[in-house]
Trainee: 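Once you've had a glance at the structure underneath, I'll fire off some questions.
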Amino acid sequence: MVRDVIIIGAGISGAAIARELSRYRLKVLLLEKEAEPAFGVSKSNSGIIHAGTQNPPSSLKGWLCVEGNRLLREELAADLGLHFVQCGQLIVVFDLADLPELDKIKAEGEALGVKGLEIVDRAWLDAREPNLGPEVKAALYVPSAGIISPYRFVYALVENAVRNGVRLETSSRVTAVRRRPEGFEVVAGGQVFRSRFVVNAAGLYADEVSAMAGAPTFKITPRKGEEYLLDKKREHIANHIIFPLPSKTSKGILIIKTSDGNPMIGPTAHETPDKEDLATTDAGLAEVLAGARRMMPSLDRSDIIAYFAGLRPASGKDFIIRHEDAVPGLVNVAGIQSPGLTSAPAIAVMVAGLLKERGLPLTPKEEFHRLRPRPVHLFQVPLEETARLIEKDPSYGDIVCRCELVSAQEVRDAIRRGARTLDGVKFRTRAQSGRCHGGFCTTRIIKLMQEELGLPVTAVSKRGPGSELIKDERK
Ligand SMILES: Cc1cc2nc3c(=O)[nH]c(=O)nc-3n(C[C@H](O)[C@H](O)[C@H](O)COP(=O)(O)OP(=O)(O)OC[C@H]3O[C@@H](n4cnc5c(N)ncnc54)[C@H](O)[C@@H]3O)c2cc1C
């Protein structure tokens, strides 16, 4: 079968492109090397839906961020049942002499079309952010910024794309992309797939995939960000996402509300040559704590319950989204560093446009399923609603993860929606994300996965082959 489009990479970029193309009468294949979507950069970030400030008005990422933010707020959050919290953002200064810098960010944001920006004084901040430290003097208030669960954003897009006919192949690493007169041959997971167009959304590996196809035109340099998650008992420490004034290379150390309640502090921003270097470090922890405590001195090291690092797939300062004329039919979506999570819906529309310009007919489907029902998350529903759910289905009352209040039915639902690993269940439901790090619930989840998927216990893994938890010593 010759597909219309093969998309390489099921992170937020590939997922959004797949969902956008699924509106049209096209045969689309989404290839992902990992056991599940969202296991690349898109799982390890701050989850901020940026408003669009802190990007030069001349940048591609500036425009895509503002449009991505709009698409999420006005369409996707409701259509895909996403839990988006528009909590707003504050960019704080420690010296009133820096107010002109805030004015500049405000003017640049307004040039990009960001609405509602306002410079606020200490009295405004005292009324709304009582935990800010005495060093903070004023801030730029950015109301359209918010937070989301980054992996659930990817899963929602992929689920909806698949519902609309996109084929997803996981554990399918692309090892060759060959241009043939009639289109492409893409080798992945030992199979050969054919298509008229290829979209390369391979994140950290986009340079290697582009070179495979014959367009070695850019290099990805990973920039590591370490993030530190705090206990839910500090849930109300901040009401906004709080930024300091940005530096030339990073937005600085932030205090981030997350959509699931645990505040987070970070990320660092340091280049690393290694695309698999996800280690957190003592130096990173010290940098993050010092930066966050300058804004909120009551933050304490003992509040931290978990940490991770992500690698920004950077190539220069802007995104690279273009058709490669040297390889007709290849569209590169590369260098998608921050604000890539926010920009993805707008990137997807742009890519559809690039494909159309090169001859891909975009004929709308008669029946496009725009809506995706919101999965139940007990930790987000009021108690009366929980009681009603349990009455309908008692397995909502069978609590598997006590730290995060996740029931057996939610775990089953996650597996039915596509979770194939323990991390896949964790990212979809939060089971294993609390203080005990899965100490109590992992064995229950393994059992549920066995029941649902008919797997032997030795085949249940944390994140795919090689990360199985239980070995059969007789073999
Ligand atoms: C610490 C940190 C904080 C951030 N915070 C924010 C934020 O708050 N807001 C925001 O908007 N952005 C943020 N970002 C940026 C955002 O996370 C990225 O822009 C975005 O996740 C990139 O998505 P992607 O789909 O392009 O890449 P990825 O998510 O990496 O997806 C690429 C996929 O391609 C797959 N792949 C690679 N090679 C192959 C191959 N050969 N064959 C098949 N599949 C392949 C990978 O496994 C991966 O799943 C942050 C990034 C970091 C690191």
Side-chain angles (χ1 to χ4, degrees), residues 6-18 30-52 54-55 61 64-65 68-69 72 89 145-148 150-151 153-154 157-158 169-177 186-189 199-213 220 222-228 241 243 250-251 254 256 258 264 266-270 272 275-276 278 280 284 288 308-314 319-321 332-348 463-464:
I6 290 179
I7 302 164
I8 303 173
I12 192 73
S13 304
I17 295 163
L30 177 59
L31 294 173
E32 169 53 51
K33 71 177 167 66
E34 299 296 330
E36 294 196 39
F39 276 20
V41 186
S42 299
K43 78 169 186 326
S44 323
N45 57 58
S46 308
I48 300 169
I49 296 303
H50 291 283
Q54 295 139 291
N55 297 303
K61 64 183 182 180
L64 289 171
C65 182
N69 172 297
L72 180 87
Q89 167 192 345
I147 45 173
I148 199 162
Y151 15 82
F153 189 5
V154 178
L157 288 162
V158 172
E169 292 274 351
T170 51
S171 304
S172 296
R173 179 193 295 271
V174 171
T175 50
V177 181
V186 176
V187 181
V199 176
N200 167 21
L204 288 161
Y205 297 91
D207 51 352
E208 296 170 33
V209 169
S210 181
M212 269 179 216
I220 301 286
R223 202 163 60 241
K224 192 199 275 193
E226 295 182 31
E227 308 254 27
Y228 293 83
I241 313 155
F243 289 58
S250 106
K251 297 188 177 77
L254 326 175
I256 307 156
T258 64
M264 193 161 74
T268 55
H270 299 291
T272 163
K275 290 181 177 177
E276 300 292 325
L278 293 174
T280 50
V288 166
F308 62 85
L311 298 171
R312 302 167 183 88
F319 296 160
I320 299 170
I321 304 172
N332 273 321
V333 179
I336 309 297
Q337 49 186 300
S338 189
L341 182 76
T342 312
S343 309
I347 291 175
R463 63 174 81 88

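Counting starts at 1 for both ligands and their atoms, following the listed order. In what follows, every heavy atom counts, from backbone to side chain, and hydrogens, waters and symmetry copies are set aside.
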Trainee: Only heavy atoms count here, so choose which of Gly203, Ala314, Gly9, Ala15 is nearest to atom 27 (O) of ligand 1.
Mentor: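 Going through Gly203, Ala314, Gly9, Ala15 one by one, Gly203 has the nearest heavy atom to atom 27 (O) of ligand 1.
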Trainee: Under 4.0 Å from any heavy atom of Gly47, which atoms of ligand 1 are there?
Mentor: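 Taking each heavy atom of Gly47 in turn, ligand 1 has 8 (O) under 4.0 Å.
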Trainee: Distance to 0.1 Å, residue and atom name: give those for the protein heavy atom nearest to atom 21 (O) of ligand 1.
Mentor: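 The protein heavy atom lying closest is Ser42 OG, 3.0 Å.
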Trainee: Should the proximity of Ala201 to ligand 1, defined as any heavy atom under 4.0 Å, be assigned to the side chain, the backbone, both, or neither?
Mentor: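 Answer for Ala201: backbone.
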Trainee: Of the options Ile6, Val187, Ile8, which is the one that meets Val177 in a side-chain contact (heavy atoms from CB on, under 4.5 Å)?
Mentor: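 For Val177, the side-chain contact (heavy atoms from CB on, under 4.5 Å) test succeeds with only one of Ile6, Val187, Ile8, which is Ile8.
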Trainee: Should one rank Leu278, Val174, Leu204, Leu254 by closest heavy-atom distance to atom 40 (C) of ligand 1, which comes out on top?
Mentor: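 Of the listed residues, Val174 has the closest heavy atom.
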Trainee: Out of Arg223, Arg312, Glu227, who is nearest to atom 52 (C) of ligand 1 when you count heavy atoms only?
Mentor: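 Going through Arg223, Arg312, Glu227 one by one, Arg312 has the nearest heavy atom to atom 52 (C) of ligand 1.
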Trainee: Specify the protein heavy atom at minimum distance from atom 37 (C) of ligand 1: its residue, its atom name, and the distance to 0.1 Å.
Mentor: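 Looking at atom 37 (C) of ligand 1, the protein heavy atom closest to it is Ala202 O, 3.3 Å.
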Trainee: On a heavy-atom basis, I'd like to know which of Ile347, Ile17, Leu341, Asn200 is closest to atom 16 (C) of ligand 1.
Mentor: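 Of the listed residues, Leu341 has the closest heavy atom.
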Trainee: Can you find an N or O of Gly14 that's nearer than 3.5 Å to an N or O of ligand 1?
Mentor: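 Checking ligand 1 against Gly14, no N or O pair falls under 3.5 Å apart.
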Trainee: Have a look at ligand 1 and work out which part of Leu311, if any, has a heavy atom under 4.0 Å from it: side chain, backbone, both or neither.
Mentor: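 For Leu311, only backbone atoms sit under 4.0 Å from ligand 1.
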Trainee: Among protein heavy atoms, which sits nearest to atom 5 (N) of ligand 1, and what does the distance come to when rounded to 0.1 Å?
Mentor: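 Here the closest protein heavy atom is Ser46 N, 3.1 Å.
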Trainee: Just to be sure I read this right, does ligand 1 sit under 4.0 Å from the backbone of Ala188, its side chain, both, or neither, counting only heavy atoms?
Mentor: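 None of Ala188 does.
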Trainee: Could you tell me whether Cys65 approaches ligand 1 through its side chain, its backbone, both or neither, with non-hydrogen atoms closer than 4.0 Å?
Mentor: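 For Cys65, no heavy atom sits under 4.0 Å from ligand 1.
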Trainee: Determine the minimum heavy-atom distance between Pro339 and Lys251, stating which atoms define it.
Mentor: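 So the two residues come closest at N-NZ, 4.4 Å.
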Trainee: Who gets closest to atom 6 (C) of ligand 1 by heavy atom: Ala10, Ala344, Ser338, Pro339?
Mentor: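 Comparing heavy atoms across Ala10, Ala344, Ser338, Pro339, the nearest one to atom 6 (C) of ligand 1 lies in Ser338.
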Trainee: Among all protein non-hydrogen atoms, which one is nearest to atom 26 (O) of ligand 1, and what is the separation to 0.1 Å?
Mentor: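 The protein heavy atom lying closest is Ser13 OG, 2.8 Å.
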Trainee: Just to confirm my output: which protein heavy-atom neighbour is closest to atom 18 (C) of ligand 1, and how far is it?
Mentor: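 The closest one turns out to be Ile336 O, 3.3 Å.
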Trainee: How does Glu208 reach ligand 1, by side chain, by backbone, by both or by neither, if only non-hydrogen atoms under 4.0 Å count?
Mentor: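 No part of Glu208 is near ligand 1 at this cut-off.
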Trainee: For ligand 1, is Ala269 a contact, meaning one of its heavy atoms is under 4.0 Å away?
Mentor: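 So Ala269 does not count as touching ligand 1.
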Trainee: Who's the nearest protein heavy-atom neighbour of atom 28 (P) of ligand 1, and how far?
Mentor: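 Answer for atom 28 (P) of ligand 1: Val41 N, 3.6 Å.
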Trainee: Return the residue, atom name and 0.1 Å-rounded distance of the protein heavy atom closest to atom 9 (N) of ligand 1.
Mentor: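 The closest one turns out to be Ile48 O, 2.8 Å.
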Trainee: What atoms of ligand 1 come closer than 4.0 angstrom to any heavy atom of His50?
Mentor: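 Listed by number with element: 7 (C), 8 (O), 9 (N), 10 (C), 11 (O).
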Trainee: Indicate yes or no: does an N/O atom of Lys33 lie under 3.5 Å from an N/O atom of ligand 1?
Mentor: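 Yes, Lys33 has an N/O under 3.5 Å of an N/O on ligand 1.
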Trainee: In the structure I gave you, are the side-chain heavy atoms of Leu341 and Ile148 within less than 4.5 Å of one another anywhere?
Mentor: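 The answer is yes; the side chains approach within 4.5 Å.
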Trainee: Students should be able to answer this: which protein heavy-atom is nearest to atom 31 (O) of ligand 1, and at what distance?
Mentor: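 Of the protein heavy atoms, Gly11 CA, 3.3 Å lies nearest.
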Trainee: Determine, considering heavy atoms only, which of Tyr205, Phe153, Phe308, Phe319 sits nearest to atom 38 (N) of ligand 1.
Mentor: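 The residue whose heavy atom sits nearest atom 38 (N) of ligand 1 is Tyr205.
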Trainee: Under a 4.0 angstrom heavy-atom cut-off, which atoms of ligand 1 come close to Glu34?
Mentor: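 The atoms of ligand 1 under 4.0 Å from a heavy atom of Glu34 are 47 (O).
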Trainee: Is Glu36 paired with Lys43 through a side-chain N to carboxylate O contact shorter than 4.0 Å?
Mentor: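 Answer for the salt bridge query: no.
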Trainee: Suppose we screen for side chain to side chain donor-acceptor pair (under 3.5 Å). Which residues come up paired with Tyr228, at least two apart in sequence or across chains?
Mentor: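 Listed in chain order: Glu226.
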